[in-house]
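Working notes, structure below.
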2 protein chains.
Amino acid sequence: MKKKNPKKQSIQHIAAALQLSPATISRVLNNHPHVHEATRSKVMTMVEQVGYKRNVMASGLRTNKTHTIGLIVPRISMFVHTEIITAIQNGLHAHGYNLIICQSNDSLAIEQDLAQTLYASRVDAVIVACTLFTSDFSHFDVLTDNDIPVLFYDRVPVKPYPACIIKGDDFRGAYLATAHLVELGSRRIAYISGPMSCNIYIDRYAGFEQAMRQHRVDIDPDRIFYHELTVDNARKALHRLFARRPYPDAVLCANDLTALTVLTFAKEKGISIPQELRIVGYSNDPRSSIVTPSITTVEQFPGRIGQVIVSEVLKLLKHGREGLLQEMAPIVTPVELIRRMST
Amino acid sequence: MKKKNPKKQSIQHIAAALQLSPATISRVLNNHPHVHEATRSKVMTMVEQVGYKRNVMASGLRTNKTHTIGLIVPRISMFVHTEIITAIQNGLHAHGYNLIICQSNDSLAIEQDLAQTLYASRVDAVIVACTLFTSDFSHFDVLTDNDIPVLFYDRVPVKPYPACIIKGDDFRGAYLATAHLVELGSRRIAYISGPMSCNIYIDRYAGFEQAMRQHRVDIDPDRIFYHELTVDNARKALHRLFARRPYPDAVLCANDLTALTVLTFAKEKGISIPQELRIVGYSNDPRSSIVTPSITTVEQFPGRIGQVIVSEVLKLLKHGREGLLQEMAPIVTPVELIRRMST
DNA sequence: TTTATTTACTGAAACGTTTTCGTAAAAATA
DNA sequence: TATTTTTACGAAAACGTTTCAGTAAATAAA
């Protein structure tokens, strides 16, 4: 049973061994009609026997299809992205596609480079979650101009762009979270947002604002912060917030890392959660549920987002770009507020 | 500045436009010697102007190099793997390589399929962290037989296999953890291990055993469990452990998820940590540090493991397989015990 | 029976590179 | 000046597949 040195097997070797032409082998392999049943099985057994595997470079060169999808994401270690990527990877694999995963590290320069690289690889489609700072999207033109469909999710272009767009309902998520705080009685609500160059923070701010206005609660600009959502930045904001009284009675955070940082800070200062300060995060990072007290947050259902992405990508691959033109309206996926001990 | 319809650009179009032969363009693009400086710059400006990007399928077909590395991993969402993958991806990208990431979902059948697929894609090398249940490795033969180097990490073959092997010092990690517990006074130590089909659990058990023996503490077989490290399985084990007295006074867990489950269980039962029960985990999952009490665990330095993997892969790519033969000894990366409140 | 249609296959070109071999022209050497 | 060496480039083959156009045989229709 040991196949020693199977060596490079090509369609031609099979053809020669069977006294057939390469064309026939190819037809068998691609399930083309007009091939005799006897030859088909003869070929298949030989293919099995020598362990032939199609060379995707050769076939890709000929057909202009790689059966490979490119993915650009800021960081695969961010919880929501990890979950979404897992769903995408499993879904695409089930349909015979490979996935090339790239990380931009939230650097625009790297993102630009990656778009070029993925074009060079002639992937069949590209899925992108942008950098925090991507406001110009022309580096993706090389893809769209060459009929490689592009699909954005989560962090998507704010300006119109000829691509499929899938985003969470960030407006609603922030709206629900804010309304929840107000209904519990909070009035001095602080909001720690990400940079407003990114659609998700624009939308979340809008949801926050609308909830505040509808409930006739004033927004204190001194309690609003816009910056990259790192631990350091969160701590700086907290020092400002608790520099003088009155302290805020709630902090709405645009991600869970920031919410966790607020919780740690509160414990250090002896501020009781939720009695003196309520905390809400965003994304339902697993850490938010195991910490004490557990943190109220907004679930985005990353697995479902991944499935939507897969089905949209497959649609684009099947119908080419004509399907795109009418489908320019962004697809918005639902969110849900998860109430926990921090409120 | 708008480049409308740049259309498929090939080396031949550039050649035609410049009255040169494709060979010359190729030489310029690959920095070959013996090309006149004037023509070189002429070609480069034209390449820039029309936005030409090499078709890697064509060049790959010719050179048998794809500049793509395959990665097979049980789940990208497992913390250690997420970190390692991030390091690998960044490291390889810096050297001009793409990464195709695949998940086996801990299924041997999928892993076998993926090995085939990656061979079909003619990746330049494959990096693998095996399934929990991979004990036969012949499905990777298709790669090694065709001179595609294979590199295993973390979960590696237990039998000799012609591949580069990189593993954490699981023996030492478990030894340190166990010795730590014994030195604190624990004597009735339970150990929740993963299935013994996998090298990491074999090694960890050996480390546990050696520490127990050296400190002359008896191992009670009723307090040892071998199973997939899920929450459900952990809870079953805990029910058995706490079905009758005397209760264990420490639980050593082969991963942090299990340690977290033990912690939750103890809180439910009103068992005080660490006074009545000490807990140690493995891997330093971020959750283990933010929970109260924080959990003592073993740090594996995933970022460093990723760097080692990258440098070994690059070595293999540079020297081909001859370097492999002498280098068959596994590379072992260090670990460190992190003491926290749970002990 | 003859003619039209279908079936089963082959030959050859094409996809876009890289690379070997060959050959002029230029430069160095005699 | 004549000869050798070096430099700069072109022609063409090759990588392994797919597919178009074509053909001989088998089958169906007339």
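Proteins get letters first, then strands, A, B, ... in listed order; numbering begins at 1 in each.
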B:Ser26: partners by side chain to side chain donor-acceptor pair (under 3.5 Å), with sequence neighbours left out: B:Asn30

The residue among B:Glu111, B:Gln112, B:His139 that forms side chain to side chain donor-acceptor pair (under 3.5 Å) with B:Thr134 is B:Glu111

Separation of B:Leu18 atom CG from D:dG10 atom P, in whole Å? 10 Å

Could you verify whether a donor N or O on one side chain and an acceptor N or O on the other, from A:Asn105 and A:Ser107, lie under 3.5 Å apart? no

Between B:Arg62 and A:Gln12, which has a closest nucleotide on DNA chain D that is more 5'? B:Arg62

Kindly confirm or rule out a cation-pi arrangement of B:Arg122 over B:Tyr119, judged by NZ or CZ under 6.0 Å from the six-membered ring centre and within 45° of its axis? yes

Should the pair B:Tyr161 and B:Phe140 be assigned to parallel (<30°), tilted (30 to 60°) or perpendicular (>60°) ring geometry? perpendicular

Distance below 4.0 Å between B:Thr24 side-chain N/O and D:dG10 OP1 or OP2: yes

Let me confirm one number: the CD1-CG distance from B:Ile101 to B:Leu71, rounded to the nearest 0.5 Å. 5.5 Å

Nearest-Å distance for atom pair CG/C1', residues A:Leu29 and D:dT19: 15 Å

Note: contacts of residues 30-46 of chain A with DNA chain D (heavy atom, under 4.0 Å) are A:Asn30, A:His32

Can you give me the N/O atom pairs linking the protein to nucleotides 24-26 of chain D at distances under 3.5 Å, or say none if there are none?
none

Specify the separation, in whole Å, of atom CD1 of A:Ile25 and atom P of D:dT18. 11 Å

Here's a test of your reading of the structure: between A:Ala23 and A:His13, which maps to the more 5' nucleotide of DNA chain D? A:His13

Hey, what do you get for NE2 (A:His95) to CG (A:Leu317), rounding to the nearest 0.5 Å? 10.5 Å

Looking across every strand, which nucleic acid part, if any, lies under 4.0 Å from A:Arg27 by heavy atom: base, sugar-phosphate, or nothing? base

CZ on B:Arg27 to NE2 on B:His34, rounded to 0.5 Å: 9.0 Å

Taking the side chain of A:Asn55 as its heavy atoms from C-beta onward, which of D:dC9, D:dT17, D:dA11 lies nearest to it? D:dT17

Checking side-chain contact (heavy atoms from CB on, under 4.5 Å) for the pair B:Ser121/B:Thr68: CA distance, chi angles, key distance, verdict? CA-CA 9 Å; B:Ser121 294; B:Thr68 299; over 6 Å; no

Starting at CD of A:Glu83, measure out to CD1 of B:Ile76 and round the result to the nearest 0.5 Å. 8.5 Å

Does a nitrogen or oxygen in the side chain of A:Ser59 sit under 4.0 Å from OP1 or OP2 of D:dT17? no

Separation of atom CZ in B:Arg122 from atom C1' in D:dT17, rounded to whole Å: 11 Å

Reckon A:Ser26 touches a base, only the sugar-phosphate, or nothing at all at heavy-atom distances under 4.0 Å? base

DNA chain C: first to last nucleotide in contact with chain B (atom under 4.0 angstrom from a heavy atom), 5' to 3', is C:dG16 to C:dT19

Rounding to a whole Å, what distance do you find between B:Ile14:CD1 and D:dC9:C1'? 17 Å

Show me, pair by pair, the donor-acceptor contacts under 3.5 angstrom made by side chains of residues 148-159 of chain B, not counting sequence neighbours?
from	atom 1	to	atom 2	distance (Å)
B:Tyr153	OH	B:His81	ND1	2.9
B:Arg155	NH1	B:Asp106	OD1	2.9
B:Arg155	NH1	B:Cys130	O	3.2
B:Lys159	NZ	B:Ser135	O	3.4

Who passes ring-ring contact (aromatic ring centres under 6.0 Å, His included) against A:His67, sequence neighbours left out? A:Tyr97

